[in-house]
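One structure below.
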Amino acid sequence: MLSYPSGMTVSSRALGVLSDALRAQRNQRRTRWRKLSPGRQALLVVAHLRKGETYADLACGFRIGTSTVYRYIREALELLAAMAPTLAQGIEVARRKAFVILDGTLLRIDRVGMTSGCDRAFYSGKHKAHGLNVQVVADPIGRLVWISPPLPGARHDMGAAREHGIIDALATHEIPAAADTAYQGAGPTVAVPQRRRRKDLGTGRYRRLSRNQKDVNTAHARRRGPGERANAELKNWRVLRKIRSSPNTAHRLIAAVQTLMIASA
């Protein structure tokens, strides 16, 4: 197998955070010797998360065994997941912002059972694909504030946000939020676009929005637009473009990426 030098667009701060965490763990365990230094192990893990490199490719590039790559990645994921912020910590950050942007996104998966009907909970009718629903909270310029643990892809965004406690937290702390029409009825602090009015009894058609309502929707779309940046950045980590591990362990993977994204901001 051939190897070659390459690069990736990841902040050195993210690499430093992971390197420091690995070094501290090794000192705590009094590890005497390992094949790779904490910095090289961190680079290996970031390459797997950012570029989706396989265990075999990483083993060739770093001149170690495939099983060692697996152990290194699993160890780092547990450390990064433990460092991920909780909802309470995310709300504390959100309180210092003028407003936040709330949006849901689907992370596709492929390891679901099809014969017993277990896949139905993960099938999103909107996206016509199996996946996991995660709720993303971003600040006004699109920087990540918090990512929720994953739920099966069939869950509606509004139901997922309520289950995670996001809606109640925003209302309790009176944090203004901008969201799409999926969050209709989320409360007075969550602004959503104007929807078409009920059908006209005479014509049977939906009544068109007025000019003022369309202007309000345009302004709201501009306000909510930067939130798409956080979703796009999340899926720039190629390991999340299509999660090939078990959906039951995807929460650790998502939390690890969240830690690196916040460290890079």
Side-chain angles (χ1 to χ4, degrees), residues 3-55 57-66 68-94 96-97 107 134 136-139 141-149 226 229-241 243 245 249-265:
S3 63
Y4 64 94
S6 183
M8 53 185 168
T9 55
V10 178
S11 170
S12 58
R13 291 191 299 273
L15 186 67
V17 166
L18 180 53
S19 299
D20 293 342
L22 291 170
R23 189 175 296 108
Q25 185 184 56
R26 292 188 184 186
N27 292 336
Q28 183 180 5
R29 294 180 175 179
R30 298 182 179 180
T31 303
R32 294 185 177 180
W33 179 85
R34 284 200 180 185
K35 186 72 173 179
L36 296 183
S37 66
R40 293 286 289 172
Q41 181 181 352
L43 183 62
L44 180 150
V45 173
V46 172
H48 171 68
L49 296 177
R50 185 68 173 188
K51 303 189 71 176
E53 299 284 3
T54 64
Y55 294 166
D57 290 343
L58 291 171
C60 175
F62 286 85
R63 300 180 183 276
I64 56 178
T66 304
T68 304
V69 172
Y70 171 77
R71 291 196 302 271
Y72 279 172
I73 291 176
R74 185 178 63 177
E75 177 187 33
L77 290 181
E78 291 176 353
L79 282 175
L80 290 171
M83 297 165 60
T86 62
L87 175 60
Q89 293 170 329
I91 290 296
E92 286 300 316
V93 175
R96 300 193 293 267
K97 307 295 182 180
L107 302 178
V134 293
V136 180
V137 181
D139 68 7
I141 61 174
R143 291 177 301 190
L144 179 65
V145 173
W146 187 72
I147 300 176
S148 73
R229 172 187 170 188
N231 287 341
E233 178 59 27
L234 178 64
K235 294 179 181 179
N236 273 342
W237 297 81
R238 294 188 182 178
V239 74
L240 296 182
R241 290 186 183 178
I243 299 175
S245 59
T249 61
H251 64 281
R252 187 183 301 112
L253 187 64
I254 295 168
V257 170
Q258 176 181 192
T259 299
L260 294 177
M261 288 179 63
I262 292 176
S264 300

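Computed from a predicted structure; not experimentally measured. Only heavy atoms go into these numbers, but all of them, side chains included; no hydrogens, no water, no symmetry mates.
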Which atoms form the tightest heavy-atom contact between [X] and [Y], and what is the distance?
X	Y	answer
Ile73	Tyr55	CD1-CE2, 3.3 Å
Arg13	Ala263	NE-O, 3.5 Å
Ala84	Ala255	CB-O, 3.7 Å
Ala21	Leu79	O-CD1, 3.9 Å
Val136	Ala230	CG1-CB, 4.0 Å
Arg229	Ile141	NH1-O, 3.0 Å

Below 4.5 Å, heavy atoms only, C-beta onward: do [X] and [Y] meet side chain to side chain?
X	Y	result
Leu36	Arg63	no
Arg26	Gln41	yes
Leu234	Gln258	no
Val239	Arg50	no
Leu58	Tyr72	no
Thr9	Asn236	no
Phe62	Thr68	no

So, does [X] use its side chain to make a donor-acceptor pair with the main chain of [Y] at under 3.5 Å?
X	Y	answer
Thr259	Leu80	yes
Lys51	Val46	no
Gln25	Leu22	no

Intermediate values then yes/no, side-chain contact (heavy atoms from CB on, under 4.5 Å), Leu44 and Ile64: CA-CA 11 Å; Leu44 180 150; Ile64 56 178; 3.7 Å; yes
Derivation and outcome, side-chain contact (heavy atoms from CB on, under 4.5 Å), residues Leu240 and Val257: CA-CA 9 Å; Leu240 296 182; Val257 170; 3.9 Å; yes
Roughly how far apart are [X] [atom1] and [Y] [atom2], rounded to 0.5 Å?
X	Y	atom1	atom2	answer
Glu92	Trp146	CD	CH2	14.0 Å
Leu18	Arg23	CG	CZ	10.0 Å
Arg40	Lys35	CZ	NZ	11.5 Å

Steps toward side-chain contact (heavy atoms from CB on, under 4.5 Å) verdict (Leu77, Leu49): CA-CA 10 Å; Leu77 290 181; Leu49 296 177; 4.0 Å; yes
Residue pair Trp237, Ile254: steps toward the side-chain contact (heavy atoms from CB on, under 4.5 Å) verdict: CA-CA 10 Å; Trp237 297 81; Ile254 295 168; over 6 Å; no
Presence of salt bridge, Glu75 and Arg252, under 4.0 angstrom: no
